[in-house]
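Have a look at the structure below, then the notes.
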Amino acid sequence: MKKGDHLFLVDGSGFIFRAFHAIPALNRKSDGLPVNAVSGFCNMLWKLLTDARDTSVGVTPTHFAVIFDYSSKTFRNELYPEYKANRSAPPEDLIPQFGLIRHATKAFNLPCIEIEGYEADDIIATYARQAEAIGADVTIISSDKDLMQLVTPNVHMYDSMKDKQISIPEVIEKWGVPPEKMIDLQALTGDSTDNVPGVPGIGPKTAAQLLEEFGDLDTLLARAGEIKQQKRRENILANAELVKISRQLVTLKTDTPVDMALEDLMLHPQDGPKLIAFLKAMEFTTLTRRVAEATGTDASAIEPAAVPVEWGAAAHGPDLDKGEASGGPAAPAAAEPAKLDAPKAATPAGARESEAFAIERAGLFKDQPIDRSLYETIRDIATLDRWIADARETGLVAFDTETNSLDAMQADLVGFSLALSDSRDTGRPGTIRAAYVPLGHRSGSDDLFGGNDLAPNQIPMAEALPRLRALLEDPAVLKVAQNLKYDYLVMKRHGVEVKSFDDTMLISYVLEGGIGTHGMDPLSERWLGHTPIAFKDVAGSGKSLVSFDRVEIDKATAYAAEDADVTLRLWFAMKPLLAARGLTSVYERLERPLVPVLARMEERGISVDRQILSRLSGELAQGAAALEDEIYQLAGERFNIGSPKQLGDILFGKMGLPGGAKTKTGQWSTSAQVLEDLAAAGLELPRRIVDWRQLTKLKSTYTDALPGYIHPETKRVHTSYSLASTTTGRLSSSEPNLQNIPVRNAEGRKIRTAFISTPGRKLISADYSQIELRVLAHVADIPQLRQAFADGIDIHAMTASEMFGVPVEGMPSEVRRRAKAINFGIVYGISAFGLANQLGIERSEAGDYIKRYFERFPGIRDYMEATKAGARDKGYVETVFGRRIHYPDIRSSNPSVRAFNERAAINAPIQGSAADIIRRAMIRIEPALVEAKLNARMLLQVHDELIFEVEDAEIEATLPVIVDVMENAAMPALSMRVPLKVDARAAHNWDEAH
DNA sequence: CCCCAACCGTA
DNA sequence: GTACGGTTGGGGG
């Protein structure tokens, strides 16, 4: 540093408190995290860094530092134990912001300085004097009177909130004394907030007058007897010693042992991406935009940083991948298994506060009932532009598409709706406005003679789409949707890629997994007590169903705008609860990022060979027909074999076979199990029925149905994944379900040969080996299981060996089969009844097995008991990543209902943790492939398996990338006690790849 | 036309 | 014993 340089010193700690009280507390992140002080801080820093010359500071800094108090205990407490003793704890909403402001400082590439045992003011004083000595100028960003003693011709202060420079004249004007006498003045007056004693009856005015008269404090104390006013004289004489202590307390140290030299405070250029990542994480949309513009950074390409939030004493939910996104060191410490039997941790104060806030915000619109008559239909570009400008101004918009099909791969855009509220930026409950923009509605009926014309007064699609794209692709505007994956796909097919979004369905899924469903209508009922217009009341149903482009525009407006309105209200109600319950990481790491990943998988689809299916269908038809003839012969009459009722009547009524089980409704059961038992007794007919069922099942469900799902344009099959329809966190697949394609026997596996790669490519199938048992070994921490997985030995054989004392070498297959059934049973929340069923043995024998198993693996029993107890206690269980799965019926008085819930509660953390792991792998795999410059495309997920389509030339390079990402998917959030193992191979069809 | 039960394919 | 979705038959409206 040299003469002429200009050092800015920001009083960070002082700023936090001032900004916190100056900016409305409703200024929060969308998940409820209070960020008002952080917001003010960032805006102030940005202003000073870019614009200081245009403020009343009038100069641009060359050096810059932000200074913080380290802790409340400093050397002053040794001097005077009562110093700052009357400080109360900071407000709960402020606590998490202390850490965030330090993160902000670092994001701005600024030194963040704090020293144990010293106050920020001492550090500031030290640097100010050092710089001044060199001949540099100093501006202290603070308006705290405690710092005014530092002001000189070269050292100034700046009140950033009032944009006011504080120099010598300003100090004199305010306090009546020049800066160098501020110490004496403060010593005389004391400071009630810091608990610094002063002289009773002496305030700033009197103190200034006395100092004017006597020159300085020492002279005043020496000649106090000359003071004319009796009371004042007595008070000063009585408190002379205390005043000397006060003077020491208020005198700032200018020799604080600072680590960083002045040179180190030199201002560096902003790191645009780093800063933007932080600002996005804080959801400061306006500042993000400004920084992006100023640094020439493409903000849309930057992911929000993972900023750890500390609520104070108690942990605040699992902090997934702390440091991962910020590029810091990984934290591979093994997470403890859920200690469900431990005393419950006290709810963090911050969490309580946030929950209260969430409830308050949920009720924000209570006095603003949903009124469909207020919805607007936007029919001209000027109005649309105004709405989009408003959305960009508030940074928040609910969005919903209306299309002519429920299938996102076929749907054409018919219109879209928007809902806005200005609540976020004003900190007050705003008015919700919602509108529908019809684009492709048609007039009249779609008969053969016309009626296909566009209805009048609609904005042309070609003019609306670019405007919509500007909004949806703007990373500074948070788009809120319900089941966004659908809208994301529709818009992607229209050339628009949504960036920055929230999905109310996924928020609900994270908050209330296991409680109800997460569709918009049930959510509206539960959270808003409002019943939205039913789709069928707008578009009809069944035979009278019309596509949405035939719906009259006024009706469409009421329906569509309401959807956006409700979605926005749901978001306001639910989003804050994520943070309040410590579930933000689950949502942001396991749910939200999967939306574009799944959308791309669905869009890609998989190639299915029509010819193979057609040939198989013929073979199956022939086989079934032959069996039908034999069945009618054996039964002595023709009947509908596919009707379990008719079949039961024939078998157990007419033919008088020994009936096995009965169904819930009292009918004879004709399940495969019952028929197999009869077949085992040598009966022909049941055998034929079982075979016939298999063939007709394959035919109707697969070979006949799949061709109907081949997309007319892509010629591929595009399944749809549901992110929020299982309780455990698994995905589900439908239309068609590609997660239940046969594999277990040769006949069924033929179906898989129809799933093929395009020429020049192959399919890679990569599946986790025994992932659920590995998760079990991890969470229950079972030494033998951990050892077996570490050594890579056959887990079922090991179990059998432990239980029955049989050596693994030369083990009879039946022994291993039983152990395998027990291992599976454990994962499913074993019961003697179920195991007996599975193995075809007596309940008592199954019970003995279980008993023996628990003797050998007592940790498993402990885990199961602890899981049940925890579920009973809290109403939910958790996966290793903190996903909650609720079991509201686990306390049912009905023993079978209760037992069922207990088994499900035992299974859920295991199945759910495995599901979370593959979710993480799926989120990471695409960036990893891009990084490796590979073109593999992920197509399908089948719970523990991922299917890719890969160019022939890249297969060898791709396999290890996929395996690596999958095997390490739990890291670094969780370092498992057992390794994950993935098998992967490539082939031209799914059967051979698997 | 809608819904449920039974059955069966997958992990 | 856990978690799903699809097909069929069949009852009720």
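Nothing here was measured: the structure is a model prediction, and the numbers come from that model. Letters A, B, ... mirror the listed sequences (proteins, then strands); counts begin at 1.
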Sugar-phosphate or base contact per nucleotide [nucleotides 4-11 of chain B; S, B, -; heavy atom under 4.0 Å]: -SSSBBBB
Looking at R749(A) and V743(A), would you say the former's side chain and the latter's main chain have a donor-acceptor pair under 3.5 Å? yes
Applying a 4.0 Å non-hydrogen cut-off, can you work out what A832(A) is touching in the nucleic acid: base, sugar-phosphate, or nothing? nothing
So what does T696(A) touch, heavy atoms closer than 4.0 Å: a base, only the sugar-phosphate, or nothing? nothing
Could you check whether S405(A) and Q410(A), counting side-chain N and O atoms only, form a donor-acceptor pair closer than 3.5 Å? no
Hydrogens and angles aside, do N894(A) and S896(A) bring a side-chain donor and acceptor to less than 3.5 Å of each other? yes
Under 3.5 Å, side chain of K750(A) to main-chain N/O of L613(A), donor-acceptor pair present? no
Boundaries of the DNA chain C segment in contact with chain A, non-hydrogen, under 4.0 Å: dG1(C) to dG11(C)
When we call it a touch if two heavy atoms are under 4.0 Å apart, what does S733(A) touch: a base, just sugar-phosphate, or nothing? sugar-phosphate
Measure up the F548(A) and Y559(A) rings against each other and bin them: parallel (under 30°), tilted (30 to 60°), perpendicular (over 60°). tilted
Residue pair T753(A) / D991(A), side-chain donor-acceptor N/O under 3.5 Å: no
Decide whether Y509(A) and T726(A) meet the rule of one side-chain donor and one side-chain acceptor closer than 3.5 Å. yes
Where does DNA chain C form stems of at least three consecutive Watson-Crick or G-U wobble pairs, each pair having both distances below 3.5 Å? B:1-11 with C:2-12
Looking only at side chains, do T670(A) and R693(A) share a donor and an acceptor under 3.5 Å apart? yes
Would you please say whether a donor-acceptor pair under 3.5 Å links the side chains of Y849(A) and R818(A)? yes
So what does A821(A) touch, heavy atoms closer than 4.0 Å: a base, only the sugar-phosphate, or nothing? base
When you compare the side chains of S733(A) and T719(A), does any donor N or O come within less than 3.5 Å of an acceptor on the partner? yes
Counting any heavy atom closer than 4.0 Å, what does G825(A) reach on the DNA or RNA strands: base, sugar-phosphate only, or nothing? base
Going by the angle between their ring planes, with limits at 30° and 60°, are Y632(A) and F639(A) parallel, tilted or perpendicular? perpendicular
Need one value for S732(A): base, sugar-phosphate or nothing, where a base atom within 4.0 Å counts as base even if backbone is also close, heavy atoms only. sugar-phosphate
